[in-house]
Amino acid sequence: MKNPLANKLEKISHDYIRRRDAFDKDFLIGNCFDCGKICEGRHFQCGHFIPDASGGAILRYHPHNMQGQSSGCNMKVSQERVKIEYTIKMQEKYGAEYVNFLRSLRNKTIKADEIFYSKMIELYENGDEEMIVDYLHSL
């Protein structure tokens, strides 16, 4: 069973990404990061470049590792094609060097404890992406 703080952080961080990447005030409609199609409602999700199950706590909640994505590309479509498209888009948005840095964070292990979750919740609630990234990079 997941930690209640982890559940709260997951919801807050995913909502933040959909809000950041949406083009409506209710953050329900946006373009899929990798295929570019318009998606809405429950089909407009928060997708991870490095999967949240294998990226560890830093990448699971890193706003540069998460982008608005259609449910089809996030969960259903050929993942081989999606990962190629997602990687190309990540390199276009952040540059190859930074994408390689993000990939290297898979090897960084931290203790995701109550202090970590509470701090991340606070940062996401404040909505300052630069502060979120700075904190994660400081770990």
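Residues: numbered from 1 along the sequence shown. Computed from a prediction, not measured in an experiment: that's the story for all the values here.
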- Note on the structure: In short, S13 meets M66 closest at the heavy-atom pair CB-CE, 4.0 Å
- Note on the structure: Separation between OG1 (T87) and NZ (K89), nearest 0.5 Å, reads 12.0 Å
- Message: I'd like to know if the side chain of R20 reaches the main chain of E129, judged simply by a donor and an acceptor atom lying under 3.5 Å from each other, with no hydrogens or angles considered.
- Response: no
- So, N65 side chain and L59 main chain: donor-acceptor pair closer than 3.5 Å or not? yes
- Residues G36 and N31: closest non-hydrogen pair is O-ND2, 2.8 Å
- For Y135 and M120, the nearest pair of non-hydrogen atoms, with its separation, is CD2-SD, 3.5 Å
- Write down the atom of I58, the atom of L136, and the distance for their closest heavy-atom approach. O-CD1, 3.9 Å
- Rounded distance (nearest 0.5 Å) linking atom CD of Q45 with atom CE of M75: 5.5 Å
- Query: Which class fits the ring pair F101 and H137: parallel under 30°, tilted 30 to 60°, perpendicular over 60°?
  - Reply: perpendicular
- Item | Reported SG-to-CD distance for the pair C46 and E10, which is rounded to 0.5 angstrom | 8.5 Å
- Message: Could you check whether any side-chain N or O of N126 sits under 3.5 Å from a backbone N or O of D128, counting only pairs where one atom can act as donor and the other as acceptor?
- Response: no
- Item | Where F44 and G68 come nearest, the two heavy atoms and their spacing | CE1-CA, 3.7 Å
- Message: I'd like to check the side-chain contact (heavy atoms from CB on, under 4.5 Å) partners of K11; sequence neighbours left out, ordered by chain and number.
- Response: D15
- D21 side chain near F33 side chain, heavy-atom distance below 4.5 Å: no
- Message: Whether the side chain of K83 engages the backbone of I50 through a donor-acceptor N/O pair (distance < 3.5 Å, no angle test) should be reported.
- Response: no
- Query: Hey, does E125 have a side-chain heavy atom less than 4.5 Å from the side chain of K8?
  - Reply: yes
- Side chains of R103 and F49: does their closest heavy-atom pair fall under 4.5 Å? yes
- Message: Show every ring-ring contact (aromatic ring centres under 6.0 Å, His included) that has at least one partner inside residues 102-133, sequence neighbours left out.
- Response: Y16-Y124
- Validation row: H62, L102 side chains within 4.5 angstrom (heavy atoms): yes
- Heavy atoms of other groups near E114 CD, more than 12 under 6.0 Å: no
- Task: Taking the side chain as every heavy atom from C-beta outward, state whether I38 and F23 have any pair of such atoms under 4.5 Å apart.
- Result: yes
- State, to 0.1 Å, how close G47 and Q69 come at their nearest heavy-atom pair, and which atoms those are. CA-OE1, 3.1 Å
- Taking D24 for the side chain and I29 for the main chain, is one N or O donor matched with an acceptor at less than 3.5 Å? yes
- Run the numbers on K93 and Q67 for side chain to side chain donor-acceptor pair (under 3.5 Å), then give the verdict. CA-CA 11 Å; K93 183 172 183 174; Q67 310 295 327; 3.1 Å; yes
